[in-house]
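Values in this document were obtained by computation on a predicted structure and should not be read as measured data. Values reported hereafter were calculated over all heavy atoms of this structure, with side chains retained and with hydrogens, waters and symmetry mates removed.
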Amino acid sequence: MRNAVFVLLSAFFLSCEDPTEIGFSGIGNGDKAYFTDTLNLEIETYQLDSLITSGQTAALVGGYDDPYFGRIQASAYLQPTLPQSTNSFTGALETAAFEFTSDMVYDSLSLRLANRSLLFFGDSTSRMTLNVHRLNSALENQNYNYDSEVSYDPTPLVSLEIDRSSMVNDTGTVIFLDIILPDEVAQELIDISKDGAISDRETFERAFPGFVLVASDDAEAVSAFNIGSQANANNTNSSLVLFYHESGSEDVRGYTFDYTSGRFNHLDFDRSNTAISDILNAGDSKSASETEGNIFVQAASGLAGRITFPELSQLQSKQIGYAELEFKADTSTFSEEVGLAPFITFITLNEDGSVARNNSNYSYVSTSLNATSGILSTYDDSLNVFNADITPYIQDIASGKARDNGLVLAAAIPASSGTNGLVFGSALNRIILRDFKLKLYYSK
């Protein structure tokens with residue numbers, strides 16, 4: 001469709017032939033094709049009412065000061081559970097049972113953290129104090145937001161100082177950061193199986209609430225620890241490991257518990273002395289006209305862009321052939337200490353400003369109904385430009401099928417197809433965007 005439209009439009013603008021021969025799919029040849037890129041857009045930075053940070057691939061722990069986005073403090077909630085794997089013959093998901101028998105001798109209980117790529121936001125050379133707290137109750141296997149909180153014991157189980165060097169050995173190889181937990185916590189875990197093997201995840205989790213990783217307030221970096229199934233990562237993700245040996249043997253073994261059930265990142269922000277200092281609560285927004293034409297997008301914080309198209313009605317046409325949104329990045333704000341957000345996807349809002357959803361998924365802008373991923377725009381660093389085909393959204397607005405409650409620009413990662421995008425909530429990558437233009441091709 002897109003390529004066909006470009007061919008037709010090239011003929012229209014470069015040929016001397018009668019333009020009435022030019023049309024869009026589904027429009028009669030008696031109609032004329034038009035182009036405009038002069039419509040005024042309402043552009044603002046927008047704090048989403050929800051940005052899911054549960055089920056993510058990284059546990060964010062620490063804090064740092066961003067000159068454009070303010071102070072960011074991250075803590076990770078982790079609920080250990082029984083590991084699962086897929087049976088290679090039947091394809092069924094199987095849960096590994098846990099049992100600590102009388103022949104086993106306890107050695108230690110380690111909360112193992114893995115930062116495989118040494119991913120940090122802020123000053124990666126700085127040191128910070130990491131505190132491990134115990135949850136008062138188990139996390140639910142549900143969606144948690146960036147501002148969700150679950151109660152935990154304010155007295156840490158253990159505290160230790162860590163830095164980048166804690167996560168590599170003398171040869172520079174990335175290693176696990178092993179945090180040894182108190183023996184009484186290990187005994188609590190062992191006691192769960194005193195009546196025999198336990199193989200039900202929910203029962204296990206109710207009996208053994210997890211942990212919260214909280215950094216000291218003076219931290220100058222956020223570390224991104226890898227989270228996920230051990231079975232799918234060759235035992236290189238963060239986990240809880242009970243080390244033991246068999247009676248009469250010196251061979252140390254480990255029973256590994258995954259963080260693949262309840263888990264989420266909680267984020268706090270202090271945006272004082274920034275251009276977005278008055279964006280404090282869900283639904284807050286600030287016009288780009290007040291921020292030198294910029295909008296601020298950050299992956300895990302719920303900070304996004306919102307665009308509305310108030311002049312669409314002036315076209316007096318419902319025949320939208322193609323709509324492309326073009327925008328640029330403010331390259332002067334790029335930083336080696338904070339990863340760039342080079343992908344943008346688009347979601348819609350309800351009339352009250354809340355994030356629209358299809359069941360538990362975001363309501364993505366897509367050419368498919370009830371899509372589980374959305375249109376993806378990728379940064380072209382050679383041209384400093386994003387281009388996004390937002391035709392479905394503009395067609396729905398122009399035809400009256402939907403209200404223009406705002407098109408949200410959210411930091412994204414490519415979906416498995418590579419051509420669509422998913423909202424990204426697993427890191428603190430950010431970007432500042434500007435110079436928005438809607439290129440509209442339509443017919444009367």
Side-chain angles (χ1 to χ4, degrees), residues 2 37 41-48 50-53 56 66 68-69 121 146 276 279 285-286 288 291 293-309 322-335 338-349 355-356 361-368 371-394 404-440:
R2 175 175 177 173
D37 62 356
L41 312 177
E42 291 187 358
I43 306 164
E44 55 195 349
T45 302
Y46 186 68
Q47 183 69 51
L48 296 173
S50 66
L51 193 290
I52 296 169
T53 62
Q56 303 292 345
D66 187 298
Y68 303 100
F69 290 76
F121 299 89
Y146 66 90
I276 51 173
I279 299 181
S285 62
K286 190 165 188 176
T291 55
N294 293 325
I295 64 169
F296 297 71
V297 177
Q298 190 175 46
S301 69
L303 204 59
R306 181 171 67 176
I307 300 182
T308 53
F309 305 90
Y322 181 72
E324 181 178 76
L325 188 65
E326 179 184 285
F327 49 99
K328 298 180 179 180
D330 184 347
T331 57
S332 69
T333 64
F334 290 4
S335 170
V338 184
L340 187 69
F343 303 104
I344 298 293
T345 195
F346 304 86
I347 55 178
T348 62
L349 296 171
V355 174
N361 288 315
Y362 296 102
S363 178
Y364 286 102
V365 176
S366 171
T367 55
S368 304
T372 56
S373 59
I375 290 166
L376 180 69
S377 182
T378 303
Y379 180 56
D380 184 336
D381 58 356
S382 64
L383 299 175
N384 182 28
V385 68
F386 287 86
N387 287 292
D389 175 357
I390 61 168
T391 305
Y393 182 83
I394 297 299
D404 185 17
N405 297 322
L407 182 64
V408 170
L409 287 74
I413 54 172
S416 56
S417 66
T419 57
N420 287 358
L422 299 168
V423 172
F424 186 38
S426 192
L428 292 167
N429 301 67
R430 47 83 156 172
I431 195 166
I432 296 177
L433 303 173
R434 59 182 300 113
D435 298 338
F436 287 84
K437 182 183 295 185
L438 178 65
K439 295 181 177 181
L440 196 62

**OP:** Could you give me the CA-CA distance, side-chain angles and deciding distance for L407 and I390, then say whether side-chain contact (heavy atoms from CB on, under 4.5 Å) is met?
**Re:** CA-CA 9 Å; L407 182 64; I390 61 168; 3.9 Å; yes
Subject >> Carboxylate-amine/guanidinium proximity below 4.0 Å for E44 and R306 >> reply: yes
Original post:
How many angstroms lie between CZ in R434 and CG in N294, if you round to the nearest 0.5 Å?
Top reply: 4.5 Å
Original post:
Once the angle between the rings of F69 and F296 is folded into 0 to 90°, is it parallel (under 30°), tilted (30 to 60°) or perpendicular (over 60°)?
Top reply: perpendicular
Original post:
Could you give the distance from CG (N429) to CD1 (I413), rounded to the nearest 0.5 Å?
Top reply: 10.5 Å
Subject >> Min side-chain heavy-atom separation Y393-D404 under 4.5 Å >> reply: yes
Subject >> Distance-only side-chain donor-acceptor flag, Y68 / D330, under 3.5 Å >> reply: no
Original post:
So, do L303 and I279 sit near enough that their side-chain heavy atoms are less than 4.5 Å apart?
Top reply: yes
Original post:
Taking C-beta and beyond as the side chain, do T345 and V365 meet within less than 4.5 Å on heavy atoms?
Top reply: no
Original post:
Does the side chain of Y364 come within less than 4.5 Å of V423's, by heavy atoms?
Top reply: yes
Original post:
Between the main-chain N or O of S301 and the side-chain N or O of Q47, is there a donor-acceptor pair closer than 3.5 Å?
Top reply: yes
Subject >> Minimum side-chain heavy-atom gap R430-V338 below 4.5 Å >> reply: yes
Original post:
Does D380 use its side chain to pair, donor to acceptor, with the backbone of V385 at less than 3.5 Å?
Top reply: no
Original post:
In Å, rounded to the nearest 0.5 Å, how long is the span from CG of L349 to CD1 of I347?
Top reply: 6.5 Å
**OP:** Return yes if a side-chain donor-acceptor contact under 3.5 Å exists between N384 and Y379, otherwise no.
**Re:** yes
Original post:
Just by modelled atom types, is the A323 backbone N or O under 3.5 Å from a matching donor or acceptor in the T391 side chain?
Top reply: yes
Original post:
Nearest 0.5 Å, what's the CZ-CG distance between F309 and L440?
Top reply: 9.5 Å
Original post:
How about L433 and K328: do any of their side-chain heavy atoms sit closer than 4.5 Å?
Top reply: no
Original post:
Between S377 (side chain) and N387 (backbone), is there a donor-acceptor pair under 3.5 Å?
Top reply: yes
**OP:** Would you check if L376 and P414 make a side-chain contact, meaning some heavy-atom pair closer than 4.5 Å?
**Re:** yes
Original post:
With side chains defined as the heavy atoms from C-beta onward, is the minimum distance between D435 and F327 less than 4.5 Å?
Top reply: no
**OP:** Enter the distance from I295:CD1 to I432:CD1 here, rounded to the nearest 0.5 Å.
**Re:** 10.0 Å
Original post:
How far apart are the C-alpha atoms of L409 and F436, what are their side-chain angles, what is the distance that settles it, and do they pass the side-chain contact (heavy atoms from CB on, under 4.5 Å) test?
Top reply: CA-CA 12 Å; L409 287 74; F436 287 84; 3.6 Å; yes
Original post:
When rounded to the nearest 0.5 angstrom, what distance separates CG in D37 from NZ in K437?
Top reply: 5.0 Å
